[in-house]
Amino acid sequence: MNYAFSCTGLGCCLCPQRSLAAGGAWVTCVTAMGHGTPDNMNWAGLLQNLLVVVHLQQIICGSVRFSIPEEQDPGILVGSLSKHFPPPYQLLTQEYLWTDKNTGNFYTTEQKMDREALCPEETKAEECIILHNAVVGPSGDLIQFPVIIEDINDNAPHFENSVIHLRVSEDVTVGTSFLLDDQAQDRDAGHNGKLHYQLKDSAGVFSLKVEEDEPVILLVVQTALDRETRDLYQMALVATDCGSEPLSATATLIVTVTDVNDNCPSFSSDSPRSVTVPGDSPKNMLVAQVRATDPDSGPNAAIVYSLSPKVSERAKKLFSLDSLTGYIRLTQDLQSDNSEELLLKVLASGHHCPPADSQVTVTVLPKVNQELTFEIRFIAEHQNQTVVLPENQPPTVLAVLELHGDSSLKGSSLAIESEVPFTLSQQNGKYLLSTSKPLDYEMKSEHHISVVVHGRSAEGSVITPYRHVIRLLVADVNDNAPQFLQSHYQLEVEENNQPGMSLLRVSASDADSGYNGRVTYRLDKRTSTTFNIDPVTGQLSVSASLDREQQGVHKITVFARDSGSPPLESVATVSICVLDQNDNAPVFLTPHFIFFIPENVPPFAQVGRVGVTDPDEGENGKTELYVVNSSEPFVVDNTQGTLRTTTHLDRETDDRYELYLLAADRGHPAALTSTARVTIFVEDINDNQPKVILPSSNSSCQTVSSATIAGTIVTKIYAVDEDSGLNSEITYTVVAPKPAQNSSPFRVDLMTGNITVAQQLLRKDLGMHHLFIVVRDGGKPAPLYTTVWVNLLINESMGPCHLDRAPTWTGTADLVQTPSKAPICEVEDTRSAQLTLFVGLGMMLVSTCLLAATAVLYLKQKRRSLQQNKRGHIEENEIPLRLKDKYYSDD
């Protein structure tokens, strides 16, 4: 017994250690007990305490052992040290286990424990123990405790060889056993590693026997074997362990039954029993072949043929027998004039077998002394006794055959052997050899016509038939056109190919021979010169790059012509589908789009259609439009290909926009793009009223001297309109608040807004004059307007003018909205006066004095007449607005 001994201070712990291989589970403990030093303790007391401690520690340490199944998941509780030792707790190695320092519980880690890897193979039958060291207790005692790794069934059995071969002789006795060396192995232990075997597909011929005391597997023969019936058995050997969830492995067991010589030769039913030999047969002529068989194999099936000793000497002299092949041949030339019958008894011998016998009767016919022959006179074309006939000819006479022979022969005739397309017809004692149907060179180019002569002698004996073979060659004619392997070829080629690229090879065959069967190829004359074909090989190629956008499918007609006379030809078509590549960038219909849009359109209104095309197809031809690097209020609607607004537009803020569009396709490997410029002009609408700048308010007032002469501009109405065009053209009109009784001394220019003195001011004109002015733009369909009061005080003195309040409009609204219904004061048309003035000035250049006097008189007279006319009525463009009873001034 080994002891682990350690002292700390005055305390010692001794634990006996058993061999782990023997299954021991002891804990080696080192602890501290008591206080003091060796100086105040005698050796006897120390020894006594030591013995007590050893005894106690054996009890305590021997009871501390833990076990856990292998391959456990992390965090599984293995055990606890708290039952044996006080806290805290700390494992020195935490590869497989970790401990809670407070509770003493220790658990599995991420590193799984594999029993087969941790324990060597030689300890398979014993416990697998892993020692762990820990520091426990407040004093830090060092302990060592075992953890037993329990086996689980995690390993399936396995055969070293998946196929097991065994040879068994067919004469083995029933019950014989054969040892199978190839046994399965299982790395598990206990029941998990214990195996039992099962034999499948044995058909009851074999069984298994397993020795209990030692792992030995025996294959037992259950029934008699016969190689000639079955020479191979293929079975499944299944090894299954004894785990709770058994695992198994399968090996193929092949038993080959070897042959023994248990069969003897026997003659087969087709072995000849009688033969006839002509009396003039030559030496070595094959008479017959005897055949015997032996079901055994290899040397056991070897057969030796021999003639029985009882065969006559005459037979032995005339015939020989090949011992291996069974051929019976003549040993000499026969010259027999008489009939003869010989009996041959043939023996077939095998190894360790009695010989089998068979009897062959050979009849020798007498030699024919009279000969029958016939003469051939060819009618058809022939060369060297060979008839040459073109194919496809109707039934044709080839030759005339005439019999020759001894006059003592009777009943002679000619006949054609076998089924051939020829006939013999007898006419006037002669025979005509003819074809029975047209011959086809492609079916058969050469015929051998075997003509045989049959006859009997005067005594009635059969004469040996005479045979003569007539050779006929069928001459080929060009009756077959070339035939393509397929009538329509299809292939796909990517565009932008390399010039000279081979496409495909067409092939046609011609059943004719010679020049009639020699095929050349050509393309249809209308085929593009881009495509070429080799006239000999039929290899089709393209000499230039193909462009799918120009033509997506090419249909080519190929002709195959033979070299016969006249030549025959056939046609095949080749369809070439050109596959698209992304080689075309999108193209805008114009590089610069110009659109006009009113400023009052709502958001997402259509600005215009942006046309873009891409001649590619599929994804390569699908385009998307983007507005490039712009913060302008526009976006592209790709579904309709239009440009739309994103917000309200105001011409007065921006009347023009410039942006760029990017068109990109979806091609691979890289998309292609193009750009276009877009200019958008915002068209004006009449959405702004005129704004009056002068006068600044309705309560402003201006003094006009009563001495102001007619035509003098006393003030001006100034207004602006932010619109453009007609929408910004402003007109000024005066509107009377109610039917006026008196004429106004002021006029307003319709276009300029200038206010002038219409006539010589009189005393009755003194006072405040309020002009209600409508400032109107030229917008369509309805103009916009604004109003303003112009307050003019006609006074003799030029003092300041002041109003306490602005005038109030008392007229109806329709006079403001439709000023054409109201009287309007406008400045008189002065074009005639100006013309007169220009004429007068021109005359002054000729005669200064006379013309000056004339002009002054004319102007005075004109002015006087105007004043008189306007006192009597109110003209269309004049509005009296002086109403002293309603308006007042500071004067």
Side-chain angles (χ1 to χ4, degrees), residues 19-25 66-73 76 95-96 108 110-131 146-168 172 175-222 232-258:
S19 171
L20 295 178
F66 305 95
S67 63
I68 183 174
E70 62 174 328
E71 303 289 350
Q72 294 297 306
D73 293 330
I76 301 300
E95 182 178 3
Y96 300 105
T108 56
E110 296 286 342
Q111 182 70 30
K112 292 185 177 181
M113 290 181 283
D114 185 359
R115 182 188 183 281
E116 290 74 33
L118 294 173
C119 293
E121 187 69 23
E122 56 268 15
T123 64
K124 177 178 179 180
E126 303 173 356
E127 291 182 335
C128 178
I129 300 174
I130 304 297
L131 296 177
V147 175
I148 301 173
I149 311 301
E150 298 177 350
D151 183 59
I152 63 172
N153 193 22
D154 59 341
N155 290 280
H158 70 279
F159 287 93
E160 183 176 355
N161 298 315
S162 59
V163 180
I164 303 172
H165 292 275
L166 183 65
R167 297 176 65 86
V168 178
V172 66
T176 304
S177 300
F178 295 91
L179 177 64
L180 298 180
D181 295 330
D182 296 289
Q183 299 184 20
Q185 304 295 326
D186 195 317
R187 297 181 62 196
D188 293 324
H191 278 77
N192 296 329
K194 187 176 180 180
L195 303 177
H196 64 269
Y197 295 87
Q198 181 183 5
L199 189 63
K200 295 182 178 180
D201 304 326
S202 65
V205 179
F206 298 95
S207 65
L208 285 181
K209 180 180 180 182
V210 181
E211 299 291 342
E212 296 294 336
D213 52 347
E214 56 184 28
V216 175
I217 307 174
L218 299 176
L219 181 68
V220 182
V221 180
Q222 296 292 336
L232 186 70
Y233 293 87
Q234 183 168 317
M235 299 164 284
L237 180 60
V238 182
T240 307
D241 59 29
C242 298
S244 58
E245 295 182 0
L247 303 175
S248 63
T250 302
T252 301
L253 176 59
I254 299 178
V255 177
T256 302
V257 182
T258 60

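Values reported hereafter were calculated over all heavy atoms of this structure, with side chains retained and with hydrogens, waters and symmetry mates removed.
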Is a side-chain N or O of T240 found less than 3.5 angstrom from the main chain of S248, in a donor-acceptor match? no

Report yes if some heavy atom in the side chain of L253 is under 4.5 Å from a heavy atom in the side chain of I164; otherwise report no. yes

When you measure from the side chain of Y197 to the backbone N and O of A184, does any donor-acceptor pair fall under 3.5 Å? yes

Atom CD1 in I254, atom CD in Q234: separation rounded to 0.5 Å? 4.5 Å

If every non-hydrogen atom of H196 is compared with every non-hydrogen atom of D241, which pair is closest and at what distance? CE1-O, 4.0 Å

Determine whether the side chains of N155 and D188 contain a donor N or O and an acceptor N or O closer than 3.5 Å. yes

Is a side-chain donor or acceptor of T108 paired with a backbone partner of I76 at a separation under 3.5 angstrom? yes

Within the distance-only criterion (no hydrogens, no angle test), does the side chain of E70 pair as donor or acceptor with the backbone N or O of I149 below 3.5 angstrom? no

Is it true that, when you exclude E160 itself, more than 12 heavy atoms of the residues, nucleotides or ligands shown sit nearer than 6.0 Å to its CD? no

Within a 6.0 Å radius of atom NZ on K112, are there more than 12 heavy atoms belonging to other residues, nucleotides or ligands? yes

Drop me the distance from M235's CE to S202's OG, to the nearest 0.5 angstrom. 6.5 Å

Between H158 and Q185, is there a donor-acceptor pair closer than 3.5 Å when you use the side chain of the first and the backbone of the second? yes

Can you find a heavy atom in the side chain of L208 that is under 4.5 Å from one in the side chain of Q198? no

Would you name the heavy atoms of G204 and Q222 that are closest together and state the gap between them? O-CB, 3.2 Å

Close side-chain approach of E71 to I152, heavy-atom, < 4.5 Å: yes

Step by step, work out the side chain to side chain contact (heavy atoms under 4.5 Å, CB included) result for F159 and L237. CA-CA 10 Å; F159 287 93; L237 180 60; 3.9 Å; yes

Could you report the tightest heavy-atom contact between P246 and S244, atom names first, then the distance? CD-O, 3.5 Å

Quick check: closest heavy atoms across D186 and A156, and the distance to 0.1 Å? OD2-C, 4.1 Å

Determine whether Y96 and V147 satisfy the following criterion, side chain to side chain contact (heavy atoms under 4.5 Å, CB included), listing intermediate values before the conclusion. CA-CA 11 Å; Y96 300 105; V147 175; over 6 Å; no

Inter-residue atom distance I130.CD1 - R115.CZ, 0.5 Å rounding: 10.0 Å

Within-4.5 Å side-chain heavy-atom neighbours: L218 and L179: yes

With rounding to the nearest 0.5 Å, note down the distance linking CG in D182 to CG in N161. 4.5 Å

OG1/T252 to NZ/K200 distance, rounded to the nearest 0.5 angstrom? 12.0 Å

Should D154 and E116 count as side-chain neighbours, where that means a heavy-atom distance under 4.5 Å? yes

Working to the nearest 0.5 Å, report the span between CG of N153 and CG of L247. 4.5 Å

Does the side chain of L199 reach to within under 4.5 Å of the side chain of L219, using non-hydrogen atoms? yes

Does V220 reach the side chain of F206, with side-chain heavy atoms less than 4.5 Å apart? no

So do V210 and L195 actually touch side chain to side chain, heavy atoms under 4.5 Å? no

